[in-house]
Amino acid sequence: MVTITFPDNSIKQFEQFPTGMDVAVGISEGFARNCVAMKIDDRLLDLHRPIKNDAHINFITVNDDQALDILRHSAAHVMAEAVLNLYPEAKLTIGPVVEDGFYYDIDMPPVSEDDLGKIEAEIQKIIKAKATFERRVVSRQEALEIFKDNPFKLELINELADQKISLYKNGQFIDLCRGPHIPHTGMIKGIKLMKISGAYWRADQSREQLQRLYGTAFFDKKKLNQYLHLIEEAKKRDHRKLGTRLDLFSFHDEAPGMAFFHARGMDMWNALLDYWRAAHRAGGYVETKTPVLLNRKLWEKSGHWENYRENMYTSVIDDEEYAIKPMNCPGGMILFKTRSYSYRDLPLRAGEVGLVHRHELSGALSGLFRVRSFHQDDAHIFMTPDQIETEVLGVLHLSEKIYRQFGLTFHLELSTRPEKSIGTDVQWEEATNGLKAALKQYGKEYIINEGDGAFYGPKIDIHIKDALGRTWQCGTVQLDMALPERFDLTYKGKDNEKHRPIMIHRVIYGSMERFFGILVEHFAGKFPLWLAPVQAVILPITQDLTDHAEFVKKDLDAAGIRCEVDHRNETLKKKIREAQVNYVPLIITIGEKEKESQTLSVRTLDGKVKMGVGVEDFVRPVLGHIKERTLDDIIL
RNA sequence: GCCCAUGUAGCUCAGUCGGUAGAGCGCUUCCUUGGUAAGGAAGAGGUUCACCAGUUCGAUUCUGGUCAUGGGCUCCA
């Protein structure tokens, strides 16, 4: 007799040991069809496992997040089977689930993207067969025997602590696996192989080079298509493509990983920076600037020479060794020490949009997202220990304000003390509690990453979510307990004694370059008016009206509206189309009527045209809209 | 840095089974003077096909190396 307790605390008793599937069918056939796995007293198990003890049961159905991981793991098995069918010599290694799907690393001759179709066809055969996943537990000895031809699996088996080793069999295919799996391969309704890349066994360059086959899978075909659509959409938004098309920035062999910003890109850059400055000024920050090239002695003192040397560019000048800064903080330390501070001066919030260089691996570079030269919208906050909470809270509020301005939502992650760290237990506790208290007061849920903090202090990372739902870590608030110590920073307390300030190191955009790239993709090139590189384009209807168009441009320039005249000898239709596909928010046409009446004809992005608008009546609402930094399209 | 792929006009790309290159867009000029999503024609543009070697009578094409870009690995903002 087994007693099963359901999540709603109802109970059901079974004479014989039921499998999870039996219990599910007992609820209803339809429900059972949607079940993927079950949790028995919080252990995730296959549905065909018999339940031998009284237990709490919780079914994982196709709608649960966990179900997708189970499906994808099973899909990895199916893909592996398909590969083995086509390439019997291939040796499987590991096949985990990743964020957007799964992969399997396989020791086999290189395959090309063209071969994926063939493998997919084989996968479809396996799916059609609706093969069940059968679990088998064998002894270590048996397992070693079964996988005797596969050195990778043998290595894995030898590392397993358990003497009992579980295998899964679907069709003729057997793989070493912890499970659980979906009931049968037929549940994989949407599967697609995405790409191939090389990978090393155990990510170790000295070991075997493997073929990594990436795929993704869903419970229904529609979801797969949505996902594929998202990828297509992301491709269209690729900031590298849009950056070229919209004439914003470029990269050149002469400076790999370092962006050239074009005039239009700089207009956007400056709009971003103007906003940043306004928001920080309002938040009680001052702005500072420190040099790019600093003496080696400073980097030795800060610890960078020891810990960050391989990422730093160095140079010898007058027999002295210098390094280009990879971070702004050491310079900030020198700034702090230029005068003495009273507790009354704290907190001191010193911002710096600092240009830093980091020698990233050549293979890691990627557009504006991963560069070797970038600007951090840095700030160092020096404060007393009891100011931690309010200051951190202040940074969180400022970050929220700034991200909102772009329509970006975000989530928070707290990282605590890592194994290798400096500072005392008391300091860490004080610092971590300060962050937690700030988070609590901020009132938003957050994730904790135990042991993921920097060696010099705990931190809060802010991950933003863009219009396609992709997340990016941009902001970070780090408590630094090392640098104030190393540089012997002090302030005079009420007691007339010297005290050590606590320092916050924080960024909100993170890297200006990367944030710029994220915005290009977030808006897909359709920037809100205040950011748009070209806010208005003036189109003379006929060539002889070009002079008047230039005349109008002068007025708009003077008003501070970024505008251009399209003076090509092309038809109005063509010029309008181009302005419209590039999302120029305001399209002004100038004809005889406008010239005579000294008015404008304005077309907005909704395609509507307003004729006879006086220049004053145009400038006023446009400037208002820019000043508000509204995300909505401007409509006159 | 490592693996794979790619590198041809400002952009997107075609092509040459080895005999010194082409399209569309863009640009210039001309025709057109057009009132809200692509008017027409002609022309200029490649230090000759990323760079450096090698093979060859001859290389953009084959081979090797270098650099860069892309996708991964690794790392991180």
Side-chain angles (χ1 to χ4, degrees), chain A residues 98 103 105 110-113 194-214 235 238 240-241 243-247 250-257 308 310-311 326-328 354 356 358-378 454 459 461-464 472-476 478 505-515 517-518 539-546 568-582 587-594 601-605 607-611:
Chain A
V98 287
Y103 68 80
D105 281 348
V111 286
S112 74
E113 306 259 337
M194 304 302 293
K195 58 194 166 198
I196 305 167
S197 78
Y200 296 101
W201 172 234
R202 310 239 126 155
D204 183 345
Q205 289 178 20
S206 66
R207 313 237 16 209
E208 294 85 342
Q209 170 83 38
L210 309 169
Q211 296 291 308
R212 176 168 294 181
L213 304 189
Y214 282 90
K235 257 190 208 158
D238 190 319
R240 292 165 299 198
K241 291 218 164 79
T244 303
R245 205 189 88 203
L246 301 177
D247 196 15
S250 55
F251 284 92
H252 303 276
D253 288 4
E254 289 81 354
Y308 208 71
E310 65 280 13
N311 282 303
M327 296 179 197
N328 301 304
V356 297
R358 299 182 185 175
H359 185 259
E360 300 290 348
L361 295 178
S362 60
L365 303 179
S366 176
L368 289 175
F369 287 165
R370 189 124 203 106
V371 292
R372 285 178 170 160
S373 167
F374 59 102
H375 295 73
Q376 285 183 307
D377 64 319
D378 223 336
K459 62 171 181 173
D461 287 329
I462 312 177
H463 297 249
I464 59 168
W472 312 89
Q473 198 232 297
C474 287
T476 182
Q478 305 188 351
H505 178 106
R506 45 111 288 183
V507 291
I508 295 178
Y509 289 155
S511 147
M512 290 275 297
E513 280 78 353
R514 192 169 78 121
F515 195 74
I518 292 169
L539 314 179
I541 291 177
T542 62
Q543 288 253 283
D544 49 354
L545 285 161
T546 306
R568 295 174 304 168
N569 183 13
E570 294 290 352
T571 55
L572 220 222
K573 273 178 194 280
K574 179 161 184 167
K575 293 181 187 180
I576 284 178
R577 178 173 192 276
E578 279 182 25
Q580 191 92 30
V581 299
N582 286 329
I587 301 170
I588 298 167
T589 45
I590 299 284
E592 274 306 330
K593 281 185 222 156
E594 285 76 16
S601 160
V602 185
R603 178 179 166 127
T604 40
L605 282 180
K608 300 246 166 63
V609 181
K610 203 169 171 187
M611 317 259 291

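- Rounded to whole Å, atom C1' of B:U36 lies 15 Å from atom CG of A:Leu545.
- In terms of polar N and O atoms assigned as donor or acceptor, the side chain of A:Glu594 comes within less than 3.5 Å of the base of B:G35 in a complementary pairing.
- A side chain to side chain contact (heavy atoms under 4.5 Å, CB included) with A:Leu539 is found for exactly one of A:Ile576, A:Leu545, A:Ile590, namely A:Ile576.
- The residue A:Gln376 sits apart from the nucleic acid: no heavy atom pair falls under 4.0 Å.
- Between the side chain of A:Arg372 and the backbone N or O of A:Glu360, at least one donor-acceptor pair lies under 3.5 Å.
- If you take NZ on A:Lys575 and CD1 on A:Ile541, they are separated by 9.5 Å, rounding to the nearest 0.5 Å.
- Residue A:Ser362 places at least one side-chain N or O under 4.0 Å from the OP1 or OP2 atom of B:G1.
- For A:Tyr214 and B:C73, the shortest distance from a side-chain N or O to OP1 or OP2 is below 4.0 Å.
- A:Val581 comes within 4.0 angstrom of a nucleotide base, judged by non-hydrogen atoms across all strands.
- When the nucleotides B:U33, B:U36, B:G35 are ranked by their closest atom to the side chain of A:Glu592, B:G35 comes out on top.
- Distance from the side chain of A:Lys573 is smallest for B:A38 among the nucleotides B:G34, B:A38, B:G72.
- Looking at the side chain of A:Ile576, the nearest of the listed nucleotides B:U36, B:G72, B:G34 is B:U36.
- Between the side chain of A:Asp253 and the base of B:U69, no donor-acceptor pair under 3.5 Å is found.
- Distances were taken from every side-chain heavy atom of A:Pro256 (C-beta onward) to each of B:U69, B:A38, B:G35; the shortest belongs to B:U69.
- Residue A:Glu570 has its side chain nearest to B:G39 when only B:G34, B:G71, B:G39 are considered.
- Each of B:G72, B:G35, B:G39 was ranked by its minimum atom distance to the side chain of A:Arg212; first place goes to B:G72.
- If you check every strand for non-hydrogen atoms under 4.0 Å, A:Leu365 touches sugar and phosphate atoms only.
- A:Asn569 comes within 4.0 angstrom of a nucleotide base, judged by non-hydrogen atoms across all strands.
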- line: Dot-bracket assigned to RNA chain B with the 3.5 Å Watson-Crick/G-U criterion, [ ] for crossing and | for other-strand pairs, is (((((((..((((.....[..)))).(((((.......)))))......(((((..]....))))))))))))....
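- The residue A:Glu360 sits close to a base: some heavy atom pair falls under 4.0 Å.
- Taking the six-membered ring where the residue is Trp, A:Phe515 and A:Tyr509 present parallel rings, their angle staying beneath 30° rather than reaching 60°.
- Nucleic acid contact class of A:Lys575 (heavy atoms, under 4.0 Å, all strands): none.
- Taken to the nearest 0.5 Å, the NZ atom of A:Lys241 stands 13.5 Å off from the CG atom of A:Leu246.
- Rounded to an integer number of Å, the gap from NZ of A:Lys241 to C1' of B:C13 is 12 Å.
- OP1 or OP2 of B:U36 has not a single side-chain nitrogen or oxygen of A:Thr589 nearer than 4.0 Å.
- Closest of all the heavy-atom pairs between A:Glu594 and A:Ser601 is OE2-CB, 3.4 Å.
- Note: CD (A:Glu310) to C1' (B:U74) measures 13 Å, nearest angstrom.
- In this structure, A:Val581 and A:Arg245 approach most closely via the heavy-atom pair O-NH2, 3.4 Å.
- Atom P of nucleotide B:U33 and atom NZ of A:Lys593 are separated by 18 Å, given to the nearest angstrom.
- Taking every side-chain heavy atom of A:Phe374 into account, B:A77 is the closest of B:G34, B:A77, B:G1.
- The side-chain hydrogen bond (donor to acceptor under 3.5 Å, both in side chains) test applied to A:Asn311 returns no partner, not counting sequence neighbours.
- Within the 4.0 angstrom heavy-atom criterion, base atoms lie near A:Arg358.
- The interatomic distance linking A:His359 (NE2) with B:C75 (P) rounds to 18 Å, in whole Å.
- For A:Lys195, whose side chain is taken as the heavy atoms from C-beta onward, the closest listed nucleotide among B:G72, B:G34, B:G39 is B:G72.
- Taking side-chain N and O atoms only, A:Arg568 has a distance below 4.0 Å to OP1 or OP2 of B:C27.
- Side-chain to base pairing of A:Ser601 with B:U36: one donor and one acceptor N or O lie within less than 3.5 Å of each other.
- For B:G64, the base adopts the anti conformation, since its glycosidic angle falls more than 90 degrees from zero.
- Residue contacts shown for A:Arg603 include a base, since a base heavy atom lies under 4.0 Å away.
- No engagement by A:Gly517 is indicated, since no non-hydrogen atom pair under 4.0 Å with the nucleic acid exists.
- Considering every non-hydrogen atom in both A:Thr604 and A:Gln580, the closest pair reads O-NE2, 4.3 Å.
- The CG-P distance, from A:Leu368 to B:C76, rounds to 21 Å in whole Å.
- Residue contacts shown for A:Glu254 are absent, as no nucleic acid heavy atom lies under 4.0 Å away.
- With sequence neighbours left out, the salt bridge (Lys or Arg N to Asp or Glu O under 4.0 Å) criterion links A:Asp377 to no other residue.
- Residue contacts shown for A:Gly475 are absent, as no nucleic acid heavy atom lies under 4.0 Å away.
- For the OP1/OP2 pair of B:G71 and a distance below 4.0 Å, the side-chain nitrogens and oxygens of A:Arg240 include at least one atom meeting the criterion.
- Residue A:Val507 is out of contact with every strand shown, counting any heavy-atom pair closer than 4.0 Å.
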